[in-house]
There are 2 protein chains.
Amino acid sequence: MSALRHERASRTQPDDPTTATRILDEAERLAQTRGFNGLSYADVAAVVGTSKAALHYHFSTKADLGRALIERYTERFFTALDEIEASDAAAPERLQRYVRLYADVLKQDRLCLCGMLAAEYTTLPDPMRGALRVFFDRNEVWLTDLLEAGRRAGTLRFDGPARDSARALMAVLEGAMLLARAYGDTKHFDAAAAYLIREVTAAG
Amino acid sequence: MSALRHERASRTQPDDPTTATRILDEAERLAQTRGFNGLSYADVAAVVGTSKAALHYHFSTKADLGRALIERYTERFFTALDEIEASDAAAPERLQRYVRLYADVLKQDRLCLCGMLAAEYTTLPDPMRGALRVFFDRNEVWLTDLLEAGRRAGTLRFDGPARDSARALMAVLEGAMLLARAYGDTKHFDAAAAYLIREVTAAG
DNA sequence: GTCTATAACGAGATAGAC
DNA sequence: GTCTATCTCGTTATAGAC
């Protein structure tokens, strides 16, 4: 028992839902609602029930915390994309499930973490900027592959390079979240998403 | 001469390009690049060449400054839209000119002021929130009217309510600016905008 | 691993002279 | 209308006890 506890304590990033994880959870929530600059160690510590100093033990600087946030978010997001990959759904259904990932975030009154951080881009420390672009690059690749497969199969329809459509798709999703939240009305998002899916889904 | 100077001094908001205007100019630039929360009185004062206290004379609180920023931006934006209205261009051409308004902002390495503020929405003082929604509401109305006119004339093509397409259009423009700036590459924006215009423009 | 205490700085805002 | 000076508060970050 005490041996086990000691083993946990000796790790810098425990994988059971302890302090570090709860810090990330609350920091993520705040970053998605108020932005990274609108997030303070004091806010996080208050909810987690610890002290500002304890936070600095786990994430020595705010830039470290921010980078960890993006990396965890990215991993979780692409785990969800892997599940879509693993299914036998056709391209339009996969696209809808992709859109639903964004819609689920918005339903929690949050923005996409990386969309929010993109707005704050010029004020972010360098390691965070790099991690952000990794997220968007991987999204672009995933979507581009999906669009090309759908076009080959005749289930998706669009003109021009698939990559351009992938970028437009990401843009409309990020932008629609932004506007929907300002209106406190997820229907703004749903309407924009439905429009995009309709445009890209082959008739019949 | 001294009478003239006195007349100017007696106004709270002079309409010649003096201090208040220069404050707004620089505050706007900072808000569009770093965000409203990333903008400080000290930053603005340094560029304008005055003091923080002088700023407080013109805009007693930061919320006042913010509201003034949005209102001036909105007026300027709709002045540009009025010019498009006044032209005899067809709907597709008008839409392209609308998109160009956004592209021009991005070329200055800025985001749409209101798109940026939408990301910071939850942290904004109430008067600013109201002013923001006025901007988006008026945009939605203007675009909806344009889309409906184009569909009637047979020059634009889209399914469903024009308002939904208007919202999707705004979303993709705001989102594409966000992503393009993170990549430091306006081509990201141009590709997304071109995709949207292509989808909505009637063939032939 | 977490605490108290505090350093060091920058923010928005105010007072009062000129 | 603008200045200097200052106040108060919140921020990130650190030191050192336990």
Side-chain angles (χ1 to χ4, degrees), chain A residues 2-24 26-27 30-31 34-69 120 123-128, chain B residues 1-24 26-27 30-31 34-69 120 123-125 127-128:
Chain A
S2 81
L4 180 61
R5 207 181 307 126
H6 186 269
E7 188 205 351
R8 277 181 190 156
S10 67
R11 297 187 210 162
T12 48
Q13 293 273 2
D15 49 10
D16 40 342
T18 44
T19 312
T21 301
R22 290 190 301 151
I23 291 171
L24 285 172
E26 177 60 12
L30 285 171
R34 304 173 48 86
F36 187 69
N37 292 329
L39 167 176
S40 76
Y41 273 42
D43 295 332
V44 177
V47 171
V48 172
T50 183
S51 65
K52 290 188 290 174
L55 264 65
H56 277 285
Y57 171 78
H58 293 283
F59 305 97
S60 58
T61 70
K62 205 183 174 188
D64 279 349
L65 173 60
R67 194 181 34 75
L69 281 177
E120 300 178 289
T123 69
L124 296 183
D126 236 55
M128 289 183 67
Chain B
M1 195 66 165
S2 82
L4 180 61
R5 208 182 307 127
H6 186 267
E7 187 204 350
R8 280 183 191 153
S10 68
R11 295 187 210 163
T12 48
Q13 295 274 3
D15 49 9
D16 39 343
T18 44
T19 311
T21 301
R22 289 189 303 149
I23 290 170
L24 285 173
E26 176 60 11
L30 284 170
R34 305 174 45 86
F36 187 69
N37 294 329
L39 167 175
S40 76
Y41 273 44
D43 295 332
V44 177
V47 171
V48 173
T50 181
S51 65
K52 289 190 292 174
L55 262 65
H56 278 286
Y57 170 79
H58 293 283
F59 305 97
S60 58
T61 68
K62 203 183 174 187
D64 278 349
L65 172 60
R67 195 180 35 73
L69 281 177
E120 301 178 288
T123 69
L124 295 182
M128 289 183 68

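The chains referred to below are lettered A, B, ... by the order of the sequence lines, with proteins before strands, and numbering in each begins at 1. Heavy-atom basis, side chains included; hydrogens, waters and symmetry copies ignored.
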Task: Touch class at under 4.0 angstrom, heavy-atom based, for B/Leu39 against every strand present - done: sugar-phosphate

Return no unless some side-chain N or O of [X] is found under 4.0 Å from OP1 or OP2 of [N].
X	N	value
A/Thr19	C/dT2	yes
B/His56	D/dT2	no
B/Thr50	D/dC3	yes
B/Ser51	D/dC3	yes

Gap between atoms [atom1] and [atom2], on [X] and [N] respectively (whole Å):
X	N	atom1	atom2	value
B/Arg34	C/dG10	CZ	P	13 Å
A/Leu55	C/dT4	CG	P	14 Å
B/Leu65	C/dA13	CG	P	10 Å
B/Asn37	D/dG10	CG	P	15 Å
A/Phe36	D/dT12	CZ	P	9 Å
B/Lys62	C/dT14	NZ	P	15 Å
A/Lys52	C/dC9	NZ	C1'	13 Å

Open item on the list: Closest approach to the side chain of A/Ser40, judged atom by atom: which nucleotide of D/dT2, C/dG12, D/dT12 is it?
Closed with: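 Of D/dT2, C/dG12, D/dT12, D/dT12 is nearest to the side chain of A/Ser40.
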
- [ ] Name the closest nucleotide to the A/Tyr41 side chain, picking from C/dG12, D/dT12, D/dC3.
- [x] D/dT12

Can you name the atoms? Protein N/O to nucleotides 16-18 of chain D N/O, anything below 3.5 Å, with the distance.
none

TODO: State, with a plain yes or no, whether a side-chain heavy atom of A/Leu39 is found less than 4.5 Å away from one of A/Arg34.
DONE: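 Of all side-chain heavy-atom pairs linking A/Arg34 with A/Leu39, none is under 4.5 Å.
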
Open item on the list: So A/Leu24 and A/Leu65, do their side chains get closer than 4.5 Å, heavy atoms only?
Closed with: yes

When the side chains of residues 41-52 of chain A are checked against the rest of the protein, which donor-acceptor pairs come out under 3.5 Å, sequence neighbours left out?
residue	atom	partner	partner atom	Å
A/Tyr41	OH	A/Phe59	O	3.1
A/Tyr41	OH	A/Thr61	O	3.1
A/Tyr41	OH	A/Lys62	N	3.3
A/Asp43	OD2	A/Ser40	N	3.4
A/Asp43	OD2	A/Ser40	OG	3.1
A/Ser51	OG	A/Ala54	N	3.1

Open item on the list: Whether the side chain of B/Glu120 engages the backbone of B/Gly35 through a donor-acceptor N/O pair (distance < 3.5 Å, no angle test) should be reported.
Closed with: no

- [ ] Please name the pair of heavy atoms, one in A/Met128 and one in A/Arg67, separated by the smallest distance, quoted to 0.1 Å.
- [x] CG-N, 3.7 Å

Task: Straight-line distance of A/Asn37 CG to A/Leu124 CG, nearest 0.5 Å - done: 7.0 Å

